[in-house]
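Scroll down for the structure; my scribbles are underneath it.
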Amino acid sequence: MKRHLFKYARGYKLETVLTPTFTALEVLLEVLIPFITASIIDSVQAGDMMGIYKNGAIMLVLAFLSLVCGALAGKFAAGASSGFAANLRSAMYDNIQTFSFSNIDKFSTAGLVTRMTTDVTNMQMAFQMSLRIAVRAPLMLVCSMVMCFVINAELSMIFLVALVILGCALVFIMSRTFKLFEQVFRRYDALNASVQENVSGIRVVKAYVREEHEDEKFRHAAEELRRLFTKAEGILALNSPVMMFVVYGCIIALSWFGANMISVGGMTTGNLTSMFSYVMGVLMSLMMLSMVFVMITMSAASERRISEVLNEKPDLTEPDDPIMDIPDGSIDFDHVSFSYAHGDGEETLHDIDLHIKSGETIGIIGGTGSGKSSLVSLVSRLYDVDSGEVRVGGIDVRRYDIESLRDAVAVVLQKNVLFSGTILDNLRWGKEDATLEECKAVCKMACADEFIDAFPNGYDTWIEQGGTNVSGGQKQRLCIARALLKEPKILILDDSTSAVDTATDASIREAFATKIPGTTKLIIAQRITSVMDADRILVLDDGGVSGFDTHEKLLETNEIYRNIYETQTQGGGDFDEGKEGGN
C-alpha cells in the first residue's frame, strides 16, 4: 500500500500503533512455547518431575498471555481498518462533490460505485493485513528461523533453500496475476453498469418485453468477470501446492537428518520435536505471507483506481478573491465558444453573442444537439467556456464564489430528480428553513398544489427514490416549485414543462410573469406555445444563433422559426420536424 493512503488512518493512529505492537508480543510469546516444550520432553526422558511442573506452568502462562495479545491485536486491527475504510470513502465522496460536470464525465457512475465499495473493501482488507498478518508472518518466520539456528544451525540450512524456491514462485505468480486483476475490476464496472441501467429503466424494459435481452447482457458481463477471476485464481492456486511441497520436503529432510543426529548423540529428541514445531510456524508464516501477497496483488489495482478519484482535481476553481454578491439577473454572452473536450473536440457552441436584461423572459428553442442545454449550463458555471466571457450581473461568472453564483441561479434540469423523503423534504432542497406557507406558495405558482392537496398526507406524502410514485408532470412541477423556493435572480427551465398539459404550462408561465417579474427566466422548450409570449426568443441552430427577437419579428425574419410555428400550429410537431420541413 502506498504511503499517501496511510494518512486516511487519521483518528485511528492509536489502534494502528497498538495492533502491530500486540501482534509482535503475541509472536514472541508463541515462539517461546516450542522451546519450553523441548525442555518438558527432555525432563520426561530424564524423570525430572519438578522440571516438568515448572516448565508446564511457564508454558500455560505464555499461552494465556499470547491469547490475550492476539485478541487485543485482532480488536485493534478491526477498528483501525474499518476506520481507515470509512475515512477513505468519505475522502472520495467529498472530492466527488467538488467535481465539475467535465470531471464527472471521466468516470462512469457504475465505476465510481465500484471504487467506493469493492475497491475500498479490498483496501480495508489490505490495510488490516498490513497491520496484523504482514507483521505477524515475517516476525514469526524470522523468530522461528532464529530458534532453529539456535537449536541446530546445520539442519536450519534446509529452510534457506526452501525460502529461495518459494520466493521465486511468489514473484512468478504475482507478476502474472496483477494485470488480470486490473481487468477484473474494469469488469466489475461493466457489471455494475448493467445492473444500474436495468434497475433505473425497469419500466421501459418491461414495457418493451426486453427482460431476456437484459438477462443475456447481464449474463455476458457476469461470465466475463467469472472467466477472468477463474484465470487469476487459477494462477494463484499454484501458490498453495508449491508451498506445501517445499515445506513438507523440509519436514522429510529434517526427519531424515535429525534422526541420524539423534542416533549419534548430536541432538536430543526434545530439540528435534521443537524444530518440528518451528517448521509448522514457518509453514503458517508462509501461508499467511502468501495471503498477504494475494491481497496486495488485488489491492494494487484497487489502490490505483481509488487514487485516480482522490487525485482528480476539479476543472472549476474558485477565484483568489471571489465576489459573493450577484448584483442582478442580467446575462451577457460575449462571443462565447465552448466544447466539452475543452478545445480538443468539435465545438458545441461557437461565437455566441447575447445580451439579456435582468427580469427578461427568454425563450430558447432549437433542434436536438443545437446546444440549448449547453448554453444555459454556462450561466451557473457548470462548465467553463473555451473562449469569450459569460457575465451575470455584469461580472464574469469566473470571478464569483461558485456557491454564491449557483444560489442565485435556479435550474430545473431536463432530467428531473427527486429524492427519497417527503414532499416537504424535497422542496426544502431549495431552502432548508422554508416554512410550510412558503412551500405552499411556490407550489401554487408551479401548479403543484392541486395534486399535493389530493394526496391523503398532503405535503407529508412520501416520495420514493427518483420520484417513481408520482407522474412525470407532477415530478416536473415539484422540481419547478423547489427551484422557485430559492428566490433566484435567474430561473432556468430546461424543457421542464414537457410532461404537463398546455393549460397547466400556460398557468405556470402566467404565474412567473406576475409573481416573479424581477427574475430573469430562461425557458428551453420544444413547443412554440411555451415560448411565444416571452420577451424575446433565441433560435439556436447547430451551436450558433439563428435568430434572437420577439415572436412577431422572428415570424417575419427567421425561416426556421416560421417553419416550426406553421408546422406546430397547423397539426402538431416538434422543432426538428419544423426545421426539416423548412430545408
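Note that the coordinates shown come from a computational prediction; the quantities given were computed from them, not determined experimentally. Values reported hereafter were calculated over all heavy atoms of this structure, with side chains retained and with hydrogens, waters and symmetry mates removed.
No side-chain donor-acceptor contact under 3.5 Å links E216 to the backbone of H213. In this structure, the side chain of R477 does not engage the main chain of A446 through any donor-acceptor pair within 3.5 Å. Distance alone, capped at 3.5 Å, places no donor-acceptor pair between the S66 side chain and the L62 backbone. Checking side-chain atoms of N95 against main-chain N and O of E312 turns up a donor-acceptor pair under 3.5 Å. A donor-acceptor pair under 3.5 Å links the side-chain atoms of K486 to the main chain of V409, judged by distance alone. The backbone N or O of F76 sits nowhere less than 3.5 Å from a side-chain atom of Y12 that would complete a donor-acceptor pair. A donor-acceptor pair under 3.5 Å is absent between the side-chain atoms of S337 and the main chain of H350, judged by distance alone. Judged purely by atom type and a 3.5 angstrom limit, K431 has no side-chain atom pairing as donor or acceptor with the backbone of L485.
The environment of CG in D321 is sparse: at most 12 heavy-atom neighbours from other residues, nucleotides or ligands sit within 6.0 Å. Residue K217 qualifies as enclosed at atom NZ: its count of foreign heavy atoms under 6.0 Å is above 12. Residue E464 qualifies as enclosed at atom CD: its count of foreign heavy atoms under 6.0 Å is above 12. Atom OH of Y93 sits in a sparse spot, with 12 or fewer heavy atoms from other residues, nucleotides or ligands closer than 6.0 Å. Atom CD of E432 has 12 or fewer heavy atoms from other residues, nucleotides or ligands within 6.0 Å. The neighbour count for R226 CZ, taken as heavy atoms of other residues, nucleotides or ligands under 6.0 Å away, is above 12. In this structure, F419 places its CZ atom where more than 12 heavy-atom neighbours from other residues, nucleotides or ligands lie under 6.0 Å away.
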Residues R136, E30; criterion salt bridge (Lys or Arg N to Asp or Glu O under 4.0 Å); working and verdict: CA-CA 11 Å; R136 176 183 172 82; E30 284 185 12; 2.8 Å; yes
Working for side chain to side chain donor-acceptor pair (under 3.5 Å), residues D386 and S339: CA-CA 7 Å; D386 290 346; S339 64; 2.6 Å; yes
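The nearest pair of heavy atoms linking R132 to E26 is NH1-OE1, 3.5 Å. Here the closest non-hydrogen pair linking N426 and R482 is O-CD, 3.0 Å. Across every non-hydrogen atom of P322 and Y400, the tightest pair is CB-C, 4.2 Å.
Under the 3.5 Å distance criterion, with hydrogens and angles disregarded, a donor-acceptor pair is assigned to the side chains of S374 and Y340. For the 3.5 Å distance criterion, the side chains of T422 and D425 qualify, holding a donor opposite an acceptor.
Less than 6.0 angstrom separates the ring centroid of F127 from the ring centroid of F84.
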